[in-house]
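Just below is one structure, and these are the notes that go with it.
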Protein chains: 2
Amino acid sequence: MALEEAHWPEELFADLDRTSPLPMYSQVASRLESAIRSGVIPAGGRIESEMAIAERLQISRPTIRRAIQDLVDKGLLVRQRGIGTQVVQGQVERSVELTSLFEDLSQAGISATTTLLDHEVLEADEDVAARLSLPAGDPVLHIRRRRMADGVPVAVLDNHLPGEFADLLPASLEGAGLYQLLRSRGVGIRIAQQRIGARACTPDEASLLEMEPGAPVLTMERLTYDHTGRAIELGRHAYHPDRYSFSTTLVAR
Amino acid sequence: MALEEAHWPEELFADLDRTSPLPMYSQVASRLESAIRSGVIPAGGRIESEMAIAERLQISRPTIRRAIQDLVDKGLLVRQRGIGTQVVQGQVERSVELTSLFEDLSQAGISATTTLLDHEVLEADEDVAARLSLPAGDPVLHIRRRRMADGVPVAVLDNHLPGEFADLLPASLEGAGLYQLLRSRGVGIRIAQQRIGARACTPDEASLLEMEPGAPVLTMERLTYDHTGRAIELGRHAYHPDRYSFSTTLVAR
DNA sequence: GAGTGGTCTAGACCACCGT
DNA sequence: CGGTGGTCTAGACCACTCT
């Protein structure tokens with residue numbers, strides 16, 4: 001039985017721009033990705049070989065290879081030596097990148113609002129200090145917020161940050177996401193280690209999230225690092241499980 | 001203030017083997033990783049430049065670059081153009097790769113045992129069929145298991161697989177992990193899309209997991225694909241939240 | 001044997017950072 | 001300015017699969 005052959009419309013790579021600040025591998029990957037997501041290249045179908053694409057686009061094989069590898073790492077493509085490269089079957093899920101809850105909601109077209117519940121500078125206890133790679137007793141900013149989506153409470157967010165962020169204004173924290181504020185100060189989140197679990201909600205959370213006391217909440221503890229590898233933020237969050245969940249896609253190397 | 005300089009013991013890369021079936025980039029990466037995890041290269045410290053390592057090891061820069069990039073993707077290193085490459089601060093967490101619960105437990109030195117609760121061949125309903133990319137009505141194997149760790153119940157695992165796996169023996173399902181059985185049949189899991197949430201447990205789950213009725217459970221729905229991109233398994237699992245949680249580390253690209 | 005992806009090489013130019 | 005990582009090239013050899 002013959003595998004589906006790949007014949008792509010010529011326009012697919014029509015607007016590649018060698019002078020663009022975007023790297024060529026990125027341009028090729030994004031065009032391939034949209035062709036896959038739109039079904040132009042069908043699920044289960046084979047794509048052309050690396051050499052064939054390289055020759056067609058007049059781009060070297062390593063560059064094409066990198067574009068394809070990026071999509072393999074995203075879980076859209078699968079490769080087999082001696083066979084070729086195929087599109088993964090089944091609908092492709094848009095995976096959660098490293099984003100904040102605020103950005104997740106905004107991107108879904110949902111208006112997110114925030115209520116600031118706590119905003120104080122404390123001396124770091126041993127646990128928080130160790131997580132943030134600070135000496136115990138150093139000042140840390142502690143904030144606690146409630147996040148609503150379209151008027152419905154979704155999560156209670158509890159965060160600790162190094163003392164130098166103590167000047168984050170309460171007003172600004174109600175108007176934007178934390179990562180957004182940090183980015184505007186030149187601090188980009190690069191790495192996040194997180195642990196996801198569940199427990200019964202506290203009485204406090206029950207009233208904030210408008211749940212029955214003792215009802216389940218989804219919890220996430222997240223430690224984030226910036227582009228220099230420095231610990232920036234420790235978050236302990238509780239989510240209303242009917243209104244939020246975590247999606248990821250894993251790819252074996 | 002001077003940044004910590006990197007002077008590595010000469011033995012670090014002593015046993016690199018060009019004739020090994022393991023690629024050079026993999027050998028270099030694993031040695032760098034253990035040097036970081038063991039503290040030989042301290043947290044926050046800078047490593048040598050790509051060119052310096054390449055010259056020292058007599059390996060080309062692209063190969064060294066790939067080794068380093070693998071560790072960046074794992075969240076162990078951070079790179080800045082014009083500056084160099086540094087180790088991320090804070091203790092490095094061993095992140096969850098694409099593994100099954102059974103393997104997770106085994107690797108932690110915990111003895112995992114399984115009780116088979118259900119084992120039947122059904123006609124796929126529309127939902128299951130769509131997820132597995134099968135026509136509705138096709139036969140599918142449905143299994144339900146309870147997983148114990150050191151004699152304590154940890155999770156209830158509910159799975160659907162394409163009908164061709166209907167010959168998986170009940171006995172073998174009690175003695176090994178599902179992925180392990182599939183691998184021994186030549187089916188390797190390559191991609192997993194998963195959604196993690198929480199809810200109150202059912203009465204059935206309460207007795208199986210030895211919990212109070214209505215207590216919170218951590219849930220995961222996972223759809224896995226093999227190396228050819230074909231959907232292999234749909235899992236719906238419920239975990240005792242005091243005995244299991246999910247850890248991941250995300251890296252921005 | 002022909003074609004595929006997996007690895008590796010030896011260069012090149014660039015953008016960016018520190019001094 | 002020299003050094004760093006980011007991108008790109010044009011080859012090469014290999015292991016593997018299908019015919």
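Bear in mind that the values here come from a model prediction, so they are computed numbers and not experimental data. Throughout, protein chains are lettered first and strands after them, A, B, ... in sequence-line order, and every chain is numbered starting at 1.
Counted by atom type alone, A:Arg195 and B:Ser247 present zero donor-acceptor pairs between their side chains at under 3.5 Å. Side-chain contact check for A:Tyr179 and A:Glu233: at least one donor-acceptor pair (N or O, by modelled atom type) lies under 3.5 Å. Judged by distance alone, the side chains of B:Arg79 and B:Gln69 do bring a donor and an acceptor atom under 3.5 Å apart.
Put simply, CD1 on A:Ile64 is 15 Å from P on D:dT7, counting in whole angstrom units. The NE2 atom of A:His227 sits 12 Å away from the C1' atom of C:dC17 (whole-angstrom rounding). Distance A:Gln86 CD to D:dT17 P: 14 Å, rounded to the nearest Å. Distance, A:Ile83 CD1 to C:dG3 P: 15 Å, rounded to whole Å. Rounding to whole angstrom units, CG of residue A:Leu57 and P of D:dC8 are separated by 13 Å. The separation between B:Arg81 atom CZ and C:dC13 atom P is 18 Å, rounded to whole Å. Straight-line distance from the CZ atom of A:Arg65 to the P atom of D:dG11: 18 Å, rounded to whole Å. In this structure, the CD atom of A:Glu55 is 16 Å from the C1' atom of D:dT9, given to the nearest Å.
For A:Val121 against A:Pro139, the heavy-atom pair with the smallest separation is CG1-CB, 4.0 Å.
Counting any heavy atom pair closer than 4.0 Å across all strands shown, A:Met51 reaches no nucleic acid atom. Note on B:Ile68: nothing from the nucleic acid sits closer than 4.0 angstrom, heavy atoms only. Within the 4.0 angstrom heavy-atom criterion, base atoms lie near A:Pro62.
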**Report entry** Derivation of the salt bridge (Lys or Arg N to Asp or Glu O under 4.0 Å) call for A:Glu48 and A:Arg56
**Finding:** CA-CA 10 Å; A:Glu48 295 180 16; A:Arg56 174 208 285 252; 2.5 Å; yes
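Here A:Asn159 contributes atom CG and A:His142 contributes atom NE2; the two are 8.0 Å apart, rounded to the nearest 0.5 Å.
The shortest distance between the side-chain N/O atoms of A:Ser49 and the OP1/OP2 oxygens of C:dG3 is not below 4.0 Å. At the phosphate of D:dC8, neither OP1 nor OP2 sits under 4.0 Å from any side-chain N or O atom of A:Tyr25. At the phosphate of C:dA10, neither OP1 nor OP2 sits under 4.0 Å from any side-chain N or O atom of B:Ser60. Phosphate contact (OP1/OP2 of C:dG5, side-chain N/O of A:Thr85, threshold under 4.0 Å): present. Side-chain nitrogen and oxygen atoms of A:Arg66 include at least one within less than 4.0 Å of the OP1 or OP2 phosphate oxygen of D:dT7.
Among C:dC17, D:dG5, D:dT9, the nucleotide with an atom closest to any side-chain atom of A:Thr63 is D:dT9. For A:Pro23, whose side chain is taken as the heavy atoms from C-beta onward, the closest listed nucleotide among D:dC8, D:dG6, C:dC8 is D:dC8.
Taking the ring centre of B:Phe13 as origin, the terminal cationic atom of B:Arg31 falls outside the region bounded by 6.0 Å and 45° from the ring axis.
In secondary-structure terms, DNA chain C builds stems of at least 3 consecutive Watson-Crick or G-U pairs, each pair having both distances under 3.5 Å, at C:1-17 with D:2-18.
Using a 4.0 Å cut-off between a side-chain N of Lys or Arg and a carboxylate O of Asp or Glu, A:Glu164 and A:Arg185 do not qualify as a salt bridge.
Counting atom types as modelled, A:Arg61 pairs a side-chain N or O with a base atom of C:dG6 as donor and acceptor under 3.5 Å.
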